[in-house]
Asker: 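One structure, as structure tokens, below. Some questions next.
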Amino acid sequence: MLTCTSIGITKKNLNNYEVEYLCDYRIEKGVEKFLVKWKGWPESSNSWEPTRNLKCPTLLKQFYSDLYKYFYALKPNKKGVIKNNIKSLDPSLSDYIVKKAKQRIVLRRWEEELNRKKSHSGMLFVENVVDLEGPPIDFYYINDYKASPGVNTLGEAIVGCECSDCFKGKCCPTEAGVLFAYNEHKQIKIPPGRPIYECNSRCKCGPDCPNRVVQKGPPYSLCIFRTDNGRGWGVRTLQKIKKNSFVMEYVGEVITSEEAERRGQQYDSRGITYLFDLDYEADEFTVDAARYGNVSHFVNHSCDPNLQVFNVFIDNLDVRLPRIALFSTRSIKAGEELTFDYQMKGSGDLSTDSIDMSPAKKRVRIACRCGAATCRGFLN
């Protein structure tokens, strides 16, 4: 939480007190004053303090940024004359500034919660400079599949490889009859549609094995941000990502296809798509990331995405329950939004049988706002 101190305040016995946020502004007898919300004190203890008492450049900068943004939205041609002309704030403006300050606090707390719960090395950040939306309600961060009643996702490998060098030995992919998925830089080298078989808990190789990539979790620091074109939350990378690199898994609650059909009807009415069919060889289960999920819950669709879906098997070799990994399709710059095609299957094909697209789930067509030159117009 961004805070600062204030000094020389008579009502606080000349001690230092922490400022939680600034609520209002006025000029009184030629002196600039701010209404201060004190950390740990009720709002009834808010007090007007002259600028000279405030040692909080960051909070002051945020206050003016919010003020200018609100004012420009009403009078976009008045740049450069705001501060000198304002003697006091309209109640609607001060109310907006307080809401933005409170929003920053709850988003920062949510950010801290996400970083406590995540199990991967990269950090997660949260940013909303677009509107007053706070953290999503009824969303729970998880790192692995959450099995619904009657579904078992905790398969255990029976055997593992005995390789000293998994590039040269008879490793897990060979035993499964598939190609080794990675090169020496742990970048994927197989085409979309081919499965990934990583080394498992029974294997003799160590944690630095080149065939242990997805199981180590996302390595990048990412930012969950509010989009400015009506697509809700999105995810951008804060680090450069090389082509063919593992970025994240798509996780959520694993449910039966029958339950997915029921939930799909509810999601249709709300215009959301979080259902991802696990149809590598069968179509018995679906991943629902609506309530339980990781950062992939916030990744938006694009008809020209920079992430590709792959099916992954590690300890659970049940072909009905592959893990879903997202790899970069090209080099991605720091600050660029991450996207994948909601109609992309682990088989590499575009189909109406992947995310929220089976006949039982596509009763309502959802408009696509990806903005790509190749945009198909709809998510389904």
Side-chain angles (χ1 to χ4, degrees), residues 115 117-124 142-147 152-222 237 239-251 254 278 280-281 287 294-296 306-332 338 340 346-348:
N115 282 291
K117 291 184 176 180
K118 72 171 180 63
S119 60
H120 59 271
S121 58
M123 295 294 293
L124 295 176
I142 57 176
N143 295 289
D144 302 295
Y145 282 161
K146 174 183 172 61
N152 179 22
T153 62
L154 300 176
E156 183 178 347
I158 300 175
V159 296
C161 73
E162 310 232 350
C163 307
S164 57
D165 183 347
C166 288
F167 272 131
K168 299 177 180 178
K170 193 175 182 182
C171 196
C172 299
T174 303
E175 292 290 349
V178 301
L179 298 174
F180 198 95
Y182 307 116
N183 63 20
E184 63 273 17
H185 302 296
K186 298 188 177 182
Q187 295 167 298
I188 197 159
K189 64 179 184 180
I190 59 175
R194 299 289 182 88
I196 300 171
Y197 277 79
E198 291 196 358
C199 291
N200 58 57
S201 57
R202 297 276 186 175
C203 295
K204 301 296 184 182
C205 54
D208 295 327
C209 167
N211 196 34
R212 297 182 186 273
V213 176
V214 172
Q215 61 193 265
K216 289 189 174 182
Y220 303 103
S221 291
L222 306 172
T237 177
Q239 300 171 252
K240 179 180 178 181
I241 301 175
K242 293 182 179 180
K243 182 179 180 179
N244 298 328
S245 298
F246 170 62
V247 179
M248 68 180 74
E249 278 191 78
Y250 191 90
V251 304
V254 179
L278 299 178
Y280 172 64
E281 281 198 4
V287 178
N294 63 359
V295 68
S296 65
N306 51 23
L307 300 179
Q308 169 70 48
V309 173
F310 284 85
N311 291 298
V312 184
F313 299 94
I314 306 175
D315 278 311
N316 190 341
L317 301 180
D318 187 339
V319 294
R320 301 172 302 166
L321 293 167
R323 292 164 67 162
I324 303 302
L326 299 173
F327 285 77
S328 57
T329 61
R330 56 175 173 79
S331 177
I332 304 174
L338 301 174
F340 71 98
S347 65

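The structure displayed is predicted, hence computed values, not measured ones. Sequential numbering from 1 along the given sequence is applied to the chain's residues.
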Asker: Does some side-chain heavy atom of F327 sit less than 4.5 Å from a side-chain heavy atom of V214?
Answerer: yes
Asker: Locate the shortest heavy-atom distance separating C209 from C199; write the atom from each residue and the value.
Answerer: SG-SG, 3.8 Å
Asker: Under 3.5 Å, side chain of N115 to main-chain N/O of L124, donor-acceptor pair present?
Answerer: yes
Asker: Closer than 3.5 angstrom, by distance alone: can the side chain of R212 be matched with the main-chain N or O of G206 as a donor-acceptor pair?
Answerer: yes
Asker: Rounded to the nearest 0.5 Å, how far does CG of L338 lie from CD1 of I241?
Answerer: 5.0 Å
Asker: Do any N or O atoms from the side chain of E198 and from the backbone of V213 form a donor-acceptor pair under 3.5 angstrom?
Answerer: yes
Asker: What heavy-atom pair brings P218 and F246 nearest, and what distance separates the two atoms?
Answerer: N-CE2, 3.8 Å
Asker: Would you check if S296 and Y250 make a side-chain contact, meaning some heavy-atom pair closer than 4.5 Å?
Answerer: yes
Asker: For E156, does the CD atom have more than 12 heavy-atom neighbours from other residues, nucleotides or ligands under 6.0 Å away?
Answerer: no
Asker: When you measure from the side chain of E249 to the backbone N and O of D144, does any donor-acceptor pair fall under 3.5 Å?
Answerer: no
Asker: How far apart are the closest heavy atoms of N143 and S119, and which atoms are they?
Answerer: OD1-N, 3.0 Å
Asker: Applying the side chain to side chain contact (heavy atoms under 4.5 Å, CB included) test to R194, which of L179, V178, I188 qualifies?
Answerer: L179
Asker: Run the side chain to side chain contact (heavy atoms under 4.5 Å, CB included) test on Y145 and I324 for me, step by step, so that the C-alpha distance in whole Å, both residues' side-chain angles and the decisive distance to 0.1 Å come before the verdict.
Answerer: CA-CA 10 Å; Y145 282 161; I324 303 302; 3.7 Å; yes
Asker: Which atoms form the tightest heavy-atom contact between C171 and F180, and what is the distance?
Answerer: SG-CE1, 4.2 Å
Asker: First locate atom NZ of K170, then atom SG of C163, and finally report the distance between them rounded to the nearest 0.5 Å.
Answerer: 10.0 Å
Asker: Got a sec: does the NZ of K242 have more than 12 other heavy atoms crowding it under 6.0 Å?
Answerer: no
Asker: Any chance you could measure C161, atom SG, to N200, atom CG, to the nearest 0.5 Å?
Answerer: 7.5 Å
Asker: Rounded to the nearest 0.5 Å, what separation is found between the CG atom of N211 and the NZ atom of K186?
Answerer: 9.5 Å
Asker: Sub-3.5 Å donor-acceptor pair from the side chain of N183 to the main-chain atoms of K189, do we have one?
Answerer: no
Asker: If we ignore hydrogens and angles and just use 3.5 Å, is the side chain of N244 paired with the main-chain N or O of Q187 as donor and acceptor?
Answerer: no
Asker: Has the side chain of Q215 got a donor or acceptor atom that lies under 3.5 Å from a matching backbone atom of D315?
Answerer: no
Asker: Please report the interatomic distance OG(S328) to NZ(K240), rounded to the nearest 0.5 Å.
Answerer: 11.0 Å
Asker: Roughly how far apart are T329 OG1 and L307 CG, rounded to 0.5 Å?
Answerer: 7.0 Å
Asker: Donor-acceptor check, side chain of N311 to backbone of P322, threshold 3.5 angstrom: yes or no?
Answerer: no
Asker: Looking only at non-hydrogen atoms, find the nearest pair between P219 and S121 and report the distance.
Answerer: CA-OG, 3.7 Å
Asker: Check the side chains of Y197 and E175 for a donor-acceptor pair under 3.5 angstrom, ignoring hydrogens and angles.
Answerer: no
Asker: What pair of heavy atoms forms the shortest contact from I142 to N294, and how long is it?
Answerer: O-CB, 3.3 Å
